[in-house]
Amino acid sequence: MDLKGFDHPGGPGGEGTRSVKVMIAGGFGTGKTTMVRSVSDIKPLTTEETLTQASADVDHLIGVAEKTETTVSLDFGKISLNDSLMLYLFGTPGQERFWFLWNGLFKGALGAVVLVDTRRLASSFRAIEEMERQNVPFVVALNVFPDSKDYPVEEIRDALDIPEHIPVVACDARDRASSRDVLVTLIRHLKDRSAVALESR
C-alpha cells in the first residue's frame with residue numbers, strides 16, 4: 001500500500017519518511033492509553049495518575065469500576081507503518097474535567113481514531129462530536145472488552161449516528177497487531193479522502 005504524501009491533506013508525495021500526527025480519542029476508560037502502549041515502537045510517554053476518593057464525584061466509574069489510573073494530560077507514542085510513514089500518536093484524556101486540553105492537542109492532527117466501549121456507548125458521543133466540530137477525519141474502533149456483547153457493526157453505527165463513509169472496525173487495544181490494523185484503516189481512509197478531494201478540483 002502506498003502511504004506517501006500525508007504531511008497534510010492533499011499534500012504531494014515525496015522521498016523520505018513522512019511524519020503524521022494522529023489522535024487517539026474516546027471517552028473515559030475506552031482504552032486509549034492501552035492502545036498507545038500496545039502499538040508504540042518506543043516506550044510511550046504517559047501521564048496517568050492514581051484515581052482517588054477525592055475524584056469520585058467527577059470521574060464516574062460506572063462500567064469501569066476496576067480502573068485505578070487515569071490520563072491527566074496526554075499519552076504519546078510513535079509507530080513506523082513502513083519506511084515512508086511515521087505516525088506520532090497523541091492520546092487524549094477522557095474525563096470531562098480535562099476536555100479543555102483537547103483544543104491544543106488537536107492542532108496539526110491529520111486524523112484520529114475514536115475508541116468506543118460498546119458497553120458504554122454514551123461515553124464516546126463527546127469525542128465524535130469533537131471530531132466533527134474540529135473537522136478532523138476519523139475512524140471508529142470498537143474496543144472489545146472481555147464482557148462486551150457482540151453487536152453488529154451497523155447497529156453500533158446507527159446508535160452513534162456515524163455516516164456510512166466513516167470506517168467502523170472492531171479491535172483489541174491490548175494487541176499490537178489489532179491496534180496497528182486500526183491505524184492502517186485510518187491511513188487508508190485519509191488516502192481515500194485525499195483522492196476524492198483531488199478529483200473534485
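No hydrogens, no waters, no symmetry mates; every other heavy atom, side chains included, goes into these values.
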Indicate, with yes or no, if L115 and L190 share a hydrophobic cluster defined by side-chain heavy-atom contacts under 4.5 Å among Ile, Leu, Val, Met, Phe, Trp and Tyr. yes
What one should report as the nearest heavy-atom pair of V140 and F138 is CG2-CE1, 3.8 Å
Could you give the distance from CE (M35) to CG (N143), rounded to the nearest 0.5 Å? 6.5 Å
Just by distance, do the side chain of R120 and the backbone of F28 share a donor-acceptor pair under 3.5 Å? yes
Enter the distance from N82:CG to T17:OG1 here, rounded to the nearest 0.5 Å. 8.5 Å
Can you list the steps and then say if F145 with T118 is a side-chain contact (heavy atoms from CB on, under 4.5 Å)? CA-CA 9 Å; F145 288 83; T118 58; over 6 Å; no
Cluster overlap I128 with M23, hydrophobic side-chain contacts below 4.5 Å: yes
Starting at CD1 of I42, measure out to OH of Y88 and round the result to the nearest 0.5 Å. 8.5 Å
Taking all non-hydrogen atoms of both residues into account, name the closest pair between G77 and S40 and its distance. CA-OG, 3.5 Å
Any carboxylate oxygen within less than 4.0 angstrom of a Lys/Arg side-chain nitrogen, looking at R126 and E129? no
Residue list, salt bridge (charged side-chain N to carboxylate O under 4.0 Å, His left out) with D147, at least two apart or on another chain: R119
Is there a side-chain contact (heavy atoms from CB on, under 4.5 Å) between V113 and K32? Walk through the geometry before answering. CA-CA 9 Å; V113 172; K32 301 176 295 297; over 6 Å; no
Locate the shortest heavy-atom distance separating A127 from V114; write the atom from each residue and the value. CB-CG1, 4.0 Å
Interatomic spacing from CG in L87 to CG in L85 - rounded to 0.5 Å: 5.0 Å
Heavy-atom closest contact (P44 atom, V36 atom, distance): CB-CG1, 4.0 Å
Which pairs count as salt bridge (charged side-chain N to carboxylate O under 4.0 Å, His left out) when at least one residue sits in residues 167-178, sequence neighbours excluded? D41-R176, D172-R174
Quick one: side chains of residues 150-171, donor-acceptor pairs under 3.5 Å with protein atoms, not counting sequence neighbours, listed by atom name and distance.
from, atom 1, to, atom 2, distance (Å)
R157, NH1, P163, O, 2.6
R157, NH1, I166, O, 2.9
R157, NH2, I166, O, 3.2

Can you measure from CZ (F90) to CG (L45) and round to the nearest 0.5 angstrom? 9.5 Å
Distance from F106 atom CZ to M131 atom CE, nearest 0.5 Å? 3.0 Å
Under 4.5 Å between side-chain heavy atoms, counting indirect links through other Ile/Leu/Val/Met/Phe/Trp/Tyr residues: same cluster for I24 and I79 or not? yes
Any idea which heavy atoms bring A141 and V182 closest together, and the distance? CB-CG1, 3.9 Å
Contacts of type side chain to side chain donor-acceptor pair (under 3.5 Å), residue S38, not counting sequence neighbours: S179
Do the non-hydrogen side-chain atoms of L183 and L89 ever get within less than 4.5 Å of each other? yes
L81 side chain near R180 side chain, heavy-atom distance below 4.5 Å: yes
T30 versus S123, closest heavy-atom pair with distance: CG2-OG, 3.9 Å
